[in-house]
Peer 1: 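Supplied in structure tokens, the structure appears directly below.
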Amino acid sequence: MGLYTSEIERRRTFAIISHPDAGKTTLTEKLLLFGGAIHVAGAVKSNKIKKTATSDWMEIEKQRGISVATSVMAFDYADHKINILDTPGHQDFAEDTFRTLTAVDSVIIVIDVAKGVEAQTRKLMEVCRMRKTPVIVFINKMDRDGKDPFDLLDEIEEELRIKVRPLSWPIDMGQRFRGVYNLYEEKLNLYTPSKQYVTENVEFKDINSPELERYIEPAQAEKLREDIELIEGVYSDFDVATYLSGDVAPVFFGSALNNFGVKELLDCFIQIAPSPRPVQAIERVVDPNEDHFTGFVFKIHANMDPNHRSCIAFVKICSGRFERNANYKHVRFNKMMRFSSPTAFMAQKKEVVDEAYAGDIVGLPDTGNFKIGDTLTAGEELHFKGLPSFSPEMFKYIENADPMKSKQLNKGIEQLMDEGVAQLFVSQFNGRKIIGTVGQLQFEVIQYRLLHEYGAQCRWEPIHLYKACWIESDNPAALENFKKRKTQYMATDKEGRDVYLADSNYVLTMAQQDFPDIRFHFTSEF
Ligand code: G4P
């Protein structure tokens, strides 16, 4: 027990992730409604970015700016403090989402019943798996026709490579959707297709009782009994420990738009989802209940206003209590710093706070002191491990288009990379700088920001690359030999590590075969 254990244990910090359009925004909004954080539907628009013309990145950035306030949505519900971390909907900003996942203790994945597992969900699940983040699955849009629930569960197990355990089960779907049987609470939740209506709950311990036919049609009752029997036969009993270890994902069915199944999800969530978990630093594991404050920067949000080059550094508190105006150590600078206006995010308002606890996120106004992964402590020399970089999908040479401004360009590139906008590789062969991104929009953002914030002009030149692989070997001679043979394709990342830039899948496969002593990694942490 620490000084702040009771505060810390009531916190639940998580992110909702989904493929665009599965219903993340709608679900977030309903959760906020339950928390009393907002009072009308339609108040959360942060994620509507993707709905505007997707090529209009200026508009996207503007909206991202607005969405600072909704980056973290906090509210109290049934004695718990809930922190929902928002993630960008647009896939070109997937890196932002990956980083946000380093700051959460659990995740809710929303899947559209008609579409099943989609590309983005698969990718985000990879990150959850790497970190063993507990996940709950919410299958949404049950008011529409979709896939057979059993098929869908198989699909999730196969595609997301996680075992599932349904905790609620749908009674039909689409037009005939009658509700769900809540296996966790042994309740029958009947569906009322009304957008602002809270569900009707009936205590129902024995679905074999003929009482069931009083609520739903005989055919539906029969089907439900068969389904439940099958579930109990196929899936083992739900064990919270297997959820917490990231091995089994409990599954709920519902309709976020109709506010159906959402309260059940939330009620189960606060019971089973983890409070802040211990965090691994390079030196040691940090327990959230320790009395001393520690935290790390997981996201930096730049202000797009050129006259006002300030950022907000988002800090996840890993242990203890953060206090306004206290002295904390910026470990990378080995310097004590004080923060006079840290902000917290209550629902949709940003406000200055005096204190915050492990599990919470505070926003620190910043003028370039922070980069992603920086650690703050009460004085200890500690380094939290950041999120690994993933191999980018697109690569371009960045060239200086205004020789008078090369200093500005270099500074701009360095700062934007610290902010995590994209990844920089320097060719070991010719010293040219290569920028790697997830999507085309990021190149446009970089070019614009270099010009408007640093007065520097850049030009992109094509380079044909397939993947960046971080390489290592236990055999120094083999490593040297590989680097010599692939000298044209060797680069250095911003931490100075060796990266092999493969120009095609074929070449990469051949390299893996030809150099058995070399280990190829597709993320920077291994
Ligand atoms: P996202 O954040 O995951 O991208 O999805 P979002 O919540 O914006 O939802 C995408 C669309 O799906 C929205 O419709 C939303 O109303 C709808 N939707 C969400 N949950 C349900 C549900 O349970 N049932 C049904 N039938 N639809 C649902 P839209 O027309 O694209 O947007 P809007 O104009 O309604 O905001």
Side-chain angles (χ1 to χ4, degrees), residues 14-34 37-38 40-54 59-60 63-64 66-67 70-73 84-94 96-97 100-101 107-125 135-147 149 152 160 168-180 189-199 251-266 348 439:
F14 73 107
I16 304 178
I17 56 179
S18 73
H19 192 85
D21 269 348
K24 177 164 73 88
T25 313
T26 314
L27 179 63
T28 307
E29 183 172 285
K30 301 298 168 180
L31 293 175
L32 293 179
L33 278 167
F34 281 117
I38 55 169
V40 285
V44 181
K45 284 289 171 215
S46 65
N47 204 36
K48 291 297 167 185
I49 288 169
K50 62 191 186 297
K51 303 273 160 70
T52 59
T54 43
E59 191 52 34
I60 291 173
Q63 297 198 23
R64 255 159 53 99
I66 295 165
S67 75
T70 60
S71 287
V72 185
M73 288 161 282
I84 306 181
L85 272 55
D86 194 22
T87 54
H90 199 288
Q91 62 166 14
D92 283 13
F93 298 105
D96 277 8
T97 304
T100 298
L101 293 180
V107 154
I108 294 179
I109 297 181
V110 183
I111 290 177
D112 180 330
V113 66
K115 302 219 174 107
V117 176
E118 296 173 87
Q120 189 103 335
T121 325
R122 224 171 281 136
K123 222 168 150 178
L124 294 169
M125 183 62 211
V135 303
I136 294 181
V137 174
F138 182 73
I139 297 183
N140 190 28
K141 307 199 187 181
M142 291 308 294
D143 59 316
R144 290 212 186 143
D145 284 318
K147 302 189 175 189
L152 195 51
L160 298 184
S168 80
W169 194 254
I171 304 164
D172 242 324
M173 63 172 72
Q175 296 272 326
R176 302 166 316 283
F177 183 52
R178 265 311 272 144
V180 299
N189 300 340
L190 296 175
Y191 174 60
T192 332
S194 157
K195 292 186 184 175
Q196 297 301 310
Y197 234 72
V198 180
T199 348
V251 179
F252 287 85
F253 292 83
S255 166
L257 185 64
N258 294 292
N259 206 358
F260 185 82
V262 178
K263 185 169 182 298
E264 291 68 25
L265 174 73
L266 182 59
Q348 302 189 285

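When a ligand or atom number is given, it counts from 1 through the structure's own listing order.
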Peer 1: Just go through K30, Q120, K141 and tell me whose heavy atom is the nearest to atom 17 (C) of ligand 1.
Peer 2: K141
Peer 1: Among D86, D143, N140, which one has a heavy atom closest to atom 25 (C) of ligand 1?
Peer 2: D143
Peer 1: Using salt bridge (Lys or Arg N to Asp or Glu O under 4.0 Å) as the criterion, list what pairs up with R122, not counting sequence neighbours.
Peer 2: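 Applying salt bridge (Lys or Arg N to Asp or Glu O under 4.0 Å) to R122 gives E159.
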Peer 1: In terms of atom number and element, which parts of ligand 1 are under 4.0 angstrom from non-hydrogen atoms of T25?
Peer 2: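 In order of number, 1 (P), 2 (O), 7 (O), 8 (O).
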Peer 1: Check each atom of ligand 1 against the heavy atoms of R144 and keep those under 4.0 Å away; list them by number with element.
Peer 2: 26 (N), 27 (N)
Peer 1: Heavy atoms only: give me the nearest D112-D21 pair and the separation to one decimal.
Peer 2: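 Where D112 meets D21 most closely, the heavy atoms are OD2-O, 4.4 Å.
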Peer 1: Could you list the atoms of ligand 1 found under 4.0 angstrom from a heavy atom of K24?
Peer 2: 1 (P), 2 (O), 3 (O), 5 (O), 7 (O)
Peer 1: Under a 3.5 Å distance rule, please check whether N140 uses its side chain to pair with a backbone N or O of A256 as donor and acceptor.
Peer 2: yes
Peer 1: Mark up the atoms of ligand 1 that fall under 4.0 Å of a heavy atom belonging to P20, in ascending order.
Peer 2: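 Answer, ordered by atom number: 4 (O).
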Peer 1: Using the test side-chain contact (heavy atoms from CB on, under 4.5 Å), find all partners of D143 that sit at least two apart in sequence or belong to another chain.
Peer 2: K141, Y191, S255, N258
Peer 1: Pull out every atom of ligand 1 sitting under 4.0 Å from any heavy atom of S18, numbered as shown with elements.
Peer 2: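 Matching atoms, with element in brackets: 3 (O).
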Peer 1: Taking only heavy atoms of S255, which atoms of ligand 1 are found under 4.0 Å from at least one of them?
Peer 2: 22 (C), 23 (O), 24 (N)
Peer 1: Show which atoms of ligand 1 fall inside a sub-4.0 Å distance from at least one heavy-atom site of L257.
Peer 2: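 Contacts of ligand 1 toward L257, numbered from 1: 16 (O), 20 (N), 21 (C), 22 (C), 23 (O), 24 (N), 25 (C), 27 (N), 28 (C).
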Peer 1: When you compare the side chain of L257 with that of E29, does any pair of heavy atoms fall below 4.5 Å?
Peer 2: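 The answer is no, as the side chains (C-beta and beyond) never meet within the 4.5 Å cut-off.
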Peer 1: Compare every heavy atom of I16 with every heavy atom of T87, then report the nearest pair and how far apart it is.
Peer 2: OG1-O, 3.6 Å
Peer 1: Can you see which heavy atom on G116 is nearest to which on L152, and at what distance?
Peer 2: CA-CD1, 3.6 Å
Peer 1: Once you round to the nearest 0.5 Å, how far does CG of D86 lie from OG1 of T97?
Peer 2: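 Taking CG in D86 and OG1 in T97, the distance rounds to 8.5 Å.
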Peer 1: Do any nitrogen or oxygen atoms of L27 lie less than 3.5 angstrom from nitrogen or oxygen atoms of ligand 1?
Peer 2: no
Peer 1: Below 4.0 angstrom from a heavy atom of D21, which ligand 1 atoms are there? Numbered from 1 as shown, please.
Peer 2: 1 (P), 3 (O), 4 (O), 5 (O), 10 (C), 12 (O)
Peer 1: Taking 4.0 Å as the limit for heavy-atom contacts, which would you say applies to T26 with ligand 1: side chain only, backbone only, both, or neither?
Peer 2: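 T26 to ligand 1: contacts from backbone and side chain alike.
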